[in-house]
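Here the structure is a predicted model, which is why all the values come from computation and not from measurement.
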Amino acid sequence: MPELPEVQGLVDFLASRVVGLPVARVDLGSFSVLKTYDPPVDSLGGLTVTDVRRHGKWIDLDVDGIHLVFHLSRGGWLRWSDALPQTVVRPGKSPIALRMRFADESGFDLTEAGTKKRLAVYVVRDPAEVPGIASLGPDPFSLSRADFAGLLAGSRSQIKGVLRDQSVIAGVGNAYSDEVLHAAKLSPYAVAGKLDEEAVDRLYDALRDILTEAIAAASGKPAKDLKDAKRAGMRVHGRTGEQCPVCGDVVREVSFADRSMQYCATCQTGGKPLADRRMSRLLK
């Protein structure tokens, strides 16, 4: 799933290409992807893109005051073309869920792979009308150290879950939470509200540093290259069995029903492997 750095990369990529362009038309390849009916999606035709923004992991195209807002979820992606094909998008006949064509014949397809269809598109007058945006916590870069400590204080949740919770902090998911916790030298199962001041300092700095580095790596890259840039920048996430770049220990994995997480026992858990089961605890 694209997280804050990749979404910011897509926002920057789109902004450099579509701001100022009139929309020729929007075609649906999947009727279920569109979660709203008013304004109708075809009302975007003839209007001009005035801005592209990010809200957590959501992308927001402001089209003369009407917003096309979408979340790529796990299997979705944006495929850009300088000259879109003239073929008609037929519902259910391809991975294309939505095609947005501009007046110069450039445009993009929103595609979704896999059987779990979670890609979501909203056409609204105000992004706050989108439930997933209305419930977002603050952006990581808007948080002071004191704000961040306040979010953690009193929490009984494991820090991995807190970092992934979009209602607490917007934009961080499974991959970058692994990276942040590795950089901060913290167990994913550490209780957020029990972290001491030094640990909170490390975590706050790691959160900002890891995301800043990833955004810089994504900057200027075309949409098709962002996934590879994300993979290349990972130190532990997705690197099960490889050497930790900090200490040389093996990167370990804990698997869940719908995801997995990676960590370094030497750097993060005092050398103790985490049990590979749901509701895992440190092995004794």
Would you say that [X] contacts [Y] through its side chain, given a criterion of any heavy-atom pair below 4.5 Å between the two side chains?
{"X": "L181", "Y": "Y263", "value": "no"}
{"X": "I210", "Y": "R235", "value": "yes"}
{"X": "S260", "Y": "T240", "value": "no"}
{"X": "I215", "Y": "L4", "value": "yes"}
{"X": "V23", "Y": "T48", "value": "no"}
{"X": "L61", "Y": "F70", "value": "yes"}
{"X": "C267", "Y": "D249", "value": "no"}
{"X": "L110", "Y": "I96", "value": "no"}

### Message
Would you say CZ of R25 has more than 12 non-hydrogen atoms from neighbouring residues, nucleotides or ligands within 6.0 angstrom?
### Response
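Open: at most 12 neighbouring heavy atoms sit under 6.0 Å from CZ of R25.
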### Message
Tell me whether the count of non-hydrogen atoms from other residues, nucleotides or ligands lying under 6.0 Å of CZ in R239 goes above 12.
### Response
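More than 12 heavy atoms, drawn from other residues, nucleotides or ligands, come within 6.0 Å of this atom.
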Grab the two heavy atoms, one from [X] and one from [Y], that are nearest each other, plus how far apart they are.
{"X": "L136", "Y": "G56", "value": "CD1-N, 3.9 Å"}
{"X": "L143", "Y": "R208", "value": "O-NH1, 3.4 Å"}
{"X": "S73", "Y": "P2", "value": "O-CD, 3.5 Å"}
{"X": "M234", "Y": "A175", "value": "CE-CB, 3.9 Å"}
{"X": "V19", "Y": "T50", "value": "CG1-O, 3.8 Å"}
{"X": "P188", "Y": "Q158", "value": "O-CB, 3.6 Å"}

Can you find a side-chain donor-acceptor pair between [X] and [Y] that sits under 3.5 Å?
{"X": "D209", "Y": "T212", "result": "no"}
{"X": "S255", "Y": "E253", "result": "yes"}
{"X": "H237", "Y": "Q262", "result": "yes"}

### Task
Might you work through the side-chain contact (heavy atoms from CB on, under 4.5 Å) test for R202 and L186, ending with a clear yes or no?
CA-CA 9 Å; R202 295 200 311 272; L186 288 174; 3.5 Å; yes
Cluster question for you: counting only ILVMFWY and a side-chain heavy-atom cut-off of under 4.5 Å, with indirect links fine, are [X] and [Y] together?
{"X": "V69", "Y": "F102", "result": "no"}
{"X": "F108", "Y": "V26", "result": "yes"}
{"X": "F31", "Y": "V121", "result": "yes"}
{"X": "V7", "Y": "V49", "result": "yes"}
{"X": "Y189", "Y": "V180", "result": "no"}

Under a 4.0 Å N-O cut-off, is there an ion pair linking [X] with [Y]?
{"X": "R145", "Y": "D201", "value": "yes"}
{"X": "R99", "Y": "D109", "value": "yes"}
{"X": "D38", "Y": "R125", "value": "yes"}
{"X": "R101", "Y": "E105", "value": "yes"}

Whether [X] side chain and [Y] backbone form a donor-acceptor pair below 3.5 Å:
{"X": "E242", "Y": "V251", "value": "no"}
{"X": "E179", "Y": "V236", "value": "yes"}
{"X": "S142", "Y": "D139", "value": "yes"}
{"X": "T36", "Y": "V123", "value": "yes"}
{"X": "K194", "Y": "S155", "value": "no"}

Nearest-0.5 Å distance that lies between atom [atom1] in [X] and atom [atom2] in [Y]:
{"X": "D64", "Y": "L47", "atom1": "CG", "atom2": "CG", "result": "5.0 Å"}
{"X": "I169", "Y": "S177", "atom1": "CD1", "atom2": "OG", "result": "10.5 Å"}
{"X": "R17", "Y": "W80", "atom1": "CZ", "atom2": "CH2", "result": "7.0 Å"}
{"X": "E198", "Y": "L203", "atom1": "CD", "atom2": "CG", "result": "12.5 Å"}
{"X": "I133", "Y": "D126", "atom1": "CD1", "atom2": "CG", "result": "9.0 Å"}
{"X": "I66", "Y": "S43", "atom1": "CD1", "atom2": "OG", "result": "4.0 Å"}

### Task
Could you please spell out the steps behind the side-chain contact (heavy atoms from CB on, under 4.5 Å) verdict for M261 and F256?
CA-CA 8 Å; M261 69 179 184; F256 299 94; 4.3 Å; yes
### Task
Could you point out which residue of R164, E6, E3 forms a side-chain hydrogen bond (donor to acceptor under 3.5 Å, both in side chains) with Y176?
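The single option meeting the side-chain hydrogen bond (donor to acceptor under 3.5 Å, both in side chains) with Y176 is E6.
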### Query
Relative to each other, are the rings of W58 and H71 parallel, tilted or perpendicular (30° and 60° limits)?
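Aromatic pair W58/H71 classed perpendicular.
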Distance-only criterion, 3.5 Å: show the donor-acceptor pairs between side-chain atoms of residues 224-232 and protein atoms not counting sequence neighbours.
from: D228; atom 1: OD1; to: R231; atom 2: NH1; distance (Å): 2.7
from: K230; atom 1: NZ; to: M1; atom 2: O; distance (Å): 2.8

#### Entry: Steps toward side-chain contact (heavy atoms from CB on, under 4.5 Å) verdict (M100, V63)
CA-CA 12 Å; M100 192 168 200; V63 189; 4.3 Å; yes
#### Entry: salt bridge (Lys or Arg N to Asp or Glu O under 4.0 Å) against D51, all qualifying residues, sequence neighbours excluded
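Testing D51 for salt bridge (Lys or Arg N to Asp or Glu O under 4.0 Å), a comparison that skips the adjacent residues, returns R53.
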### Residues L34, L98; criterion side-chain contact (heavy atoms from CB on, under 4.5 Å); working and verdict
CA-CA 9 Å; L34 185 63; L98 178 144; 5.7 Å; no
